[in-house]
Structures are given as C-alpha cells and as structure tokens.
Amino acid sequence: MHCKAVYLALQGALLINSGVCIPAGTGAGALGPNGGITDTGNKGDDPTVTYCGSLDETAKEIASSEPESGPGFWITNQDSDANVRYFLYENGRDDHPWKYANVPQGQRFFIQVCSTWQGRIVRGTAKVNLDGQTHLLGSWFENNVDQDGAMWGDISFLEGCDGGGSITATDGSNVTRSCMQDMLAGAPSDALAQKQTGTNVIDKIVGDAANSAAKDWDLKKCSADAVWIDNANSKPAIKSTNGRFDYVFYKGKA
Ligand SMILES: *[C@@H]1O[C@H](CO)[C@@H](O)[C@H](O)[C@H]1NC(C)=O
C-alpha cells in the first residue's frame with residue numbers, strides 16, 4: 001500500500017493532515033473539535049498551496065457548462081430560488097471567490113478546477129459574494145484534489161445550512177452522501193440566522209454563538225452520516241478516484 005499524508009480541506013482556512021495511511025475525513029486528526037471546524041475565517045494565502053485563481057482577478061461568471069476535462073464536479077441546480085449562484089472559494093480566501101456558476105434551475109453544469117484545488121462551493125449572489133467581504137453562513141459543499149488526483153469531498157452544515165443536497169463519486173464506486181430534504185421549510189425561528197443576502201437560513205452550529213436549536217433541526221432532517229453536522233463527524237467525507245464528484249443542490253436559497 002502506498003502510504004502518504006492525505007490532506008482534506010476542512011471548513012475553510014485549515015488543511016488537516018489526517019495522517020499516513022488514513023483516509024481523509026476518518027482519522028482522529030481530521031475530526032477533533034478544533035480540527036478546522038471552529039477556526040474559519042480569512043487566513044490569507046498558505047505558501048504551501050498552489051491556488052487555482054489569482055487575487056488580482058475578479059471572480060468570473062460561468063454561464064455554461066465547462067469542458068469535461070480534468071478534475072472538477074457537476075452541479076445540478078434543484079434549488080428553490082432562481083437567484084442562487086454557485087461560488088467557488090479556495091481555502092483561506094474567504095473574501096475572494098475564484099469563480100461562480102450561473103446554472104439555470106433544473107440544469108447540470110460541469111465546473112473545472114485545477115489539480116491543486118482545495119475549497120468549497122456555496123450558494124450566493126453576485127451582489128453579496130463579490131463585495132469583498134466574508135460570507136460564511138450557509139451549507140458548504142467542500143472538496144479538494146489530492147496528490148494522486150483523487151477528489152475528497154463532503155457536505156457540511158457546520159457553518160449553517162441554506163439548503164440540502166447530495167455528493168456522489170463518479171469513479172464507478174457510486175459512493176454517495178445525501179440529504180435531499182427541504183431544510184428551510186418549517187424550521188423553528190430560534191434555529192434561523194440571516195445571510196447578508198437577507199435570506200433566513202439555518203444558523204451555524206460551531207464556534208462562537210453556535211446555535212443548538214439549529215443543530216437539533218439539522219439532525220432531525222439529516223443523518224450525521226450523510227452531512228457533517230456533529231464534531232464526531234461520522235463518515236460524511238468521501239473519495240472519488242477520478243477527481244470528480246456529482247453534486248446536487250436541493251431546495252436551497254441564496
Ligand atoms: C454504479 O452504478 C452504475 C450505473 O447504475 C452500475 O452500472 C455499476 O454497476 C455501479 N457500480 C457499483 C460498484 O455498484
């Protein structure tokens with residue numbers, strides 16, 4: 001067995017070295033209460049990371065599916081809100097998305113990333129997410145490409161939830177993690193927080209002012225095996241050896 005450190009980008013700024021021979025997302029080092037979970041924020045560039053984008057360039061809009069070559073992921077838009085755009089943030093660059101996709105409702109785009117990509121896809125709008133500020137609240141569809149070209153990914157509600165979804169490996173293994181629930185409908189008011197877009201969503205469940213009502217609601221609707229909800233982090237992170245995932249964004253709002 002070829003053993004090496006596997007890096008899984010967990011919740012933004014930190015890269016977690018999950019340890020030799022342990023799949024990312026399942027090692028003790030990847031799952032601790034401080035394992036990147038509460039330590040979000042704009043940390044700036046990590047000199048060990050080769051970024052896909054340039055901070056000198058404003059995020060460009062992807063208005064049609066990109067060529068299906070190299071690492072990347074499909075995004076299927078099953079969201080409730082036609083204003084949703086999908087923003088790609090590289091870890092440590094929380095105030096500067098790399099690019100964003102305008103996927104019409106009901107359609108599916110392929111989005112290319114570079115071979116050193118580490119980041120997340122989140123719902124947002126150009127008006128808010130291109131304002132140079134940090135906008136963490138909402139569901140994080142996280143993933144990164146490892147040294148072997150495999151992609152690791154999960155869906156996290158730790159920083160809030162603005163909709164459910166699913167992630168599926170496209171390497172033939174068919175491994176999937178899914179919570180296709182309408183997360184916002186019927187949520188108790190004490191579980192809610194407002195995004196800068198003005199939309200009320202499920203609040204964050206880690207860090208300062210972690211909202212326990214939000215966590216209760218998340219766990220009522222979704223399994224912690226499917227979505228990263230609790231710090232025990234059962235097993236939501238999965239791998240696709242071909243460097244690609246298939247994501248569905250379900251009943252979310254910008
Ligand atoms: C994955 O799904 C495809 C299409 O349904 C099927 O042909 C294939 O056998 C599945 N692979 C595994 C490992 O279950």
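Ligands are counted one by one from 1 in listed order, and the atoms in each one are counted from 1 as well. If you're wondering where the values come from, they're calculated on a predicted model, not measured in any experiment.
- Distance screen at 4.0 Å: atom 11 (N) of ligand 1 has a protein heavy-atom neighbour inside the cut-off.
- Against a heavy-atom cut-off of under 4.0 Å, G172 is close to the following atoms of ligand 1: 1 (C), 11 (N), 12 (C), 13 (C).
- A cation-pi contact, defined as under 6.0 Å to the ring centre and within 45° of the axis, links R93 to Y51.
- Considering backbone and side-chain atoms alike, N174 places an N or O below 3.5 Å from some N or O of ligand 1.
- In this structure, atom 7 (O) of ligand 1 has no protein heavy-atom contact shorter than 4.0 Å.
- Using a cut-off of 4.0 Å between Lys/Arg side-chain N and Asp/Glu carboxylate O, R108 and D246 are scored as salt-bridged.
- Exactly one of C179, C222, S223 qualifies for a side-chain contact (heavy atoms from CB on, under 4.5 Å) with I229. That residue is C222.
- F73 does not carry R244 over the face of its six-membered ring by the limits of under 6.0 Å from the centre and within 45° of the normal.
- Distances from atom 1 (C) of ligand 1 to the protein include at least one heavy-atom value under 4.0 Å.
- Using a 4.0 Å cut-off between a side-chain N of Lys or Arg and a carboxylate O of Asp or Glu, R123 and D162 qualify as a salt bridge.
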